[in-house]
*Asks:* 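I have a structure here, written as structure tokens, and I will follow up with some questions on it.
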Amino acid sequence: MKVQGKHYRPIWLDADGWRVRIIDQTRLPFAFEVTTLETSEDAARAIRDMLVRGAPLIGVTAAYGMALAMREDPGDAWLAEAHERLMRTRPTAINLRWALDDMRMRLRSLPPAERVDAAYARATEMADEDVEINHLIGRHGLALIEEAARAKEGPVNILTHCNAGWLATCDWGTATSPIYHAHDAGIPVHVWVDETRPRNQGGHLTAWELHNHGVPHTVVVDNAGGHLMQHGDVDLCFVGTDRVTATGDVCNKIGTYLKALAAKDNGVPFYVCLPSPTIDWTVNDGIAEIPIEERAATEVTHVTGLTDNGHLVQARVVSPGSRAANPAFDVTPGRLVSGLVTERGVTTASAAGLLELFPERAA
Ligand SMILES: CSC[C@H]1O[C@H](OP(=O)(O)O)[C@H](O)[C@@H]1O
């Protein structure tokens, strides 16, 4: 999407054809900094330390990490080692495993001499496919916003949690794609942006995205959503996801489950937007089977912000000596989800709904 009038993706190949450029999302919204990945370990660190984040973007970054690894050593042993090392970076987003398994399957069937070019070609193809998929998600989600707009006066008020925007993908985003499509089509929308503690992906990233695209929005604390829904201030919820099970359970940023409960209690439609590589067809019970990443306690005890004189600082916001826990995701049962918005259309968050859109997955 555009940043001060110039189009960006969050990841792209340098003009030299091998180094990988990324927007360092740990610096946003206070600084716009591009950094370069030159080794497979650079790619692993970028994922692990969340310079890039978001399920689809994590997958594509890992794919480019495999391409960088093949430049280092195209042999079988390094191929296997890079696959394992990149896989260990973060446990929850299924796109990481999908992308790495796809790369490994394609590369190990080739002679080493052909692996570098093939790896870069496939990683770039994954990025381009993600952009097209998210555009289609936007088209299908747009219909939901148009329906809501016909039923009311004034802007359609949409609540979103975390960042499932173009910064979490290769462009458009997933949950934000319908919003961008509606805004660009002239439909009045307003977005309630959950700040999304502890890393504030909403207040830092979604707010920055929407501001740059001119979409009206208001940042709210995570615990405000239920109150807004009770008072009729939310017409729709759109969120992203890091893994959807074959039965429609949705794993997403911590706090999503609580929003879904509030939406159910207040009759607010709650939609989850996802590309098909985010579906994990191997698991059924999300609560029992999806590994939930536990991140550092310092993400809870400290926050990053800008002082009034423009210095980026970290500050402690929890009483010294207190323990902190930091589960990074939770699982929303499919029964709380109004619909899954995919590149093939909108369906119910159920096994039958998913197989209706993806019949090739039937056992
Ligand atoms: C389009 S996937 C976005 C998804 O990823 C985020 O997690 P993180 O920022 O930790 O990578 C969050 O769960 C978003 O909904």
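As the structure lists them, so they are numbered: ligands from 1, and atoms in each ligand from 1. We count residues from 1, following the sequence as given.
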*Asks:* Report the C-alpha distance between Glu129 and Arg122 in whole Å, list the side-chain angles of each, state the deciding distance to 0.1 Å, and finish with yes or no for salt bridge (Lys or Arg N to Asp or Glu O under 4.0 Å).
*Replies:* CA-CA 10 Å; Glu129 285 173 355; Arg122 179 56 184 151; 3.4 Å; yes

*Asks:* So, do Tyr8 and Phe32 have ring centers that fall under 6.0 Å from each other?
*Replies:* yes

*Asks:* Please determine if Glu147 and Lys152 form a salt bridge, counting it only when a charged side-chain N lies under 4.0 Å from a carboxylate O.
*Replies:*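 Answer for the salt bridge query: no.
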
*Asks:* So that I can tick it off, tell me whether Arg115 and Asp73 are bridged by a salt bridge, with the cut-off set at under 4.0 angstrom between side-chain N and carboxylate O.
*Replies:* no

*Asks:* For the aromatic rings, using the six-membered ring if either is Trp, is the centroid distance between Trp166 and His213 under 6.0 Å?
*Replies:*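 Judged by ring-centre distance (under 6.0 Å), Trp166 and His213 do not meet the cut-off.
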
*Asks:* Got a salt bridge between Asp24 and Arg27, using NZ or NE/NH1/NH2 to carboxylate O under 4.0 Å?
*Replies:*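 A salt bridge is absent here (no side-chain N lies under 4.0 Å from a carboxylate O).
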
*Asks:* Could you please provide the protein residues found below 4.0 Å of ligand 1 on a heavy-atom basis, arranged by chain and number?
*Replies:* Met50, Arg53, Gly54, Ala55, Pro56, Arg90, Cys162, Asn163, Ala164, Ala168, Thr174, Gln201, Gly240, Thr241, Asp242, Asn252, Lys253, Phe329

